[in-house]
Amino acid sequence: MPAYDFPQDLLDAQAALDAVQAEHDLFAQTLPWSAEPMPGWKADKKLHSDYVPEKDDSPGYTPEQAERLAAYRARILELTTQIITHPYWATLSGPGRVEARTALKHAHDTPAGPDA
C-alpha cells in the first residue's frame, strides 16, 4: 500500500476516534444486556448440543450509564464526521481514495518488531 501524506489534524482525529471507540467498547461490555429493565429468560436446549441459552434479569441502564453511552456515541459521530468530510479526501479520487482511507485507519498501528 502506498504511503500517504495525511494532514496532522486528520491523523489526530483518527487516533482520537480509535481511542474513543476502544473506551466505548470496554464500557459497553460492563452494561446490562438490555437498556430497559427486562425479565430474564431460558430457551430450549439447542439441537446437537447441551447448550441451553439463558439470560438473568436485566436491571436496565442507570441514568449515568445511559448518559455516558450517549456521550461516547456523540463523540464517535463527531469524529467520524470530521474524518469523512475532511478536505484531504478531495485531493484523491477513485480507488486511491479508498486505499488512502484504509491506510488512515491503520496509520497508528504498531509495526511488528524484528522478533515478530
Side-chain angles (χ1 to χ4, degrees):
M1 188 174 294
Y4 295 93
D5 189 23
F6 295 117
Q8 190 60 48
D9 64 328
L10 187 55
L11 288 167
D12 293 345
Q14 183 65 53
L17 176 61
D18 293 344
V20 171
Q21 186 67 57
E23 287 178 31
H24 167 272
D25 293 350
L26 285 173
F27 177 66
Q29 292 175 9
T30 69
L31 296 173
W33 63 266
S34 173
E36 299 295 325
M38 296 284 289
W41 50 267
K42 185 173 185 175
D44 295 333
K45 182 179 97 52
K46 294 298 176 188
L47 186 63
H48 307 298
S49 170
D50 292 328
Y51 179 65
V52 179
E54 63 182 300
K55 291 279 188 191
D56 292 331
D57 292 347
S58 173
Y61 297 172
T62 65
E64 294 80 16
Q65 289 171 324
E67 184 177 318
R68 184 170 171 190
L69 189 62
Y72 278 130
R73 290 178 176 167
R75 183 68 176 141
I76 289 168
L77 179 61
E78 175 187 338
L79 288 165
T80 301
T81 302
Q82 181 181 345
I83 291 166
I84 65 173
T85 62
H86 195 281
Y88 175 76
W89 304 118
T91 67
L92 304 168
S93 64
R97 188 180 295 168
V98 175
E99 290 172 8
R101 179 66 187 113
T102 301
L104 177 65
K105 288 181 180 185
H106 296 284
H108 296 94
D109 290 353
T110 304
D115 298 332

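These numbers come from a predicted model, not from an experiment.
Separating the CZ atom in Arg73 from the CZ atom in Arg68 is a distance of 13.0 Å, to the nearest 0.5 Å. Between the CG atom of Leu79 and the CD1 atom of Ile84 there is a distance of 11.5 Å, given to the nearest 0.5 Å.
With sequence neighbours excluded, the residues that form a side-chain contact (heavy atoms from CB on, under 4.5 Å) with Gln65 are Phe27, Leu31, Pro32, Tyr61, Thr62. Every residue meeting the side-chain contact (heavy atoms from CB on, under 4.5 Å) condition with Gln8, not counting sequence neighbours, appears here in chain and number order: Leu11, Asp12. By the side-chain hydrogen bond (donor to acceptor under 3.5 Å, both in side chains) test, His108 is found to be paired with no residue, residues two or more places apart in sequence or in another chain being considered. Scored by the side-chain contact (heavy atoms from CB on, under 4.5 Å) test, His48 finds no partners at all (sequence neighbours excluded). For Glu78, the side-chain contact (heavy atoms from CB on, under 4.5 Å) criterion is met by Arg75, not counting sequence neighbours. Shown here are the side-chain hydrogen bond (donor to acceptor under 3.5 Å, both in side chains) partners of Asp50, two or more places apart in sequence or in another chain: there are none.
Counting only N and O atoms by type, the side chains of Asp25 and Gln29 include no donor and acceptor under 3.5 Å apart.
Remark: side-chain polar atoms of Thr30 are not paired, donor with acceptor, to backbone N or O of Leu26 under 3.5 angstrom. Looking only at distances, no side-chain donor or acceptor of Asp56 sits under 3.5 Å from a matching main-chain atom of Gly40.
Between Gln82 and Leu10, every side-chain heavy-atom pair lies at or beyond the 4.5 Å cut-off. Contact of the Trp89 side chain with the Leu104 side chain is registered, since non-hydrogen atoms from C-beta on lie closer than 4.5 Å. The shortest side-chain heavy-atom distance between His86 and Asp9 falls under the 4.5 Å cut-off.
Both Trp41 and Met38 are part of a single hydrophobic cluster, where members link through side-chain heavy atoms under 4.5 Å apart.
Within a 6.0 Å radius of NZ in Lys105, no more than 12 heavy atoms belonging to other residues, nucleotides or ligands are found.
Closest non-hydrogen pair, Tyr88 versus Thr91, comes out as O-OG1, 2.6 Å. The shortest non-hydrogen separation linking Tyr4 to Gly96 is OH-O, 3.7 Å.
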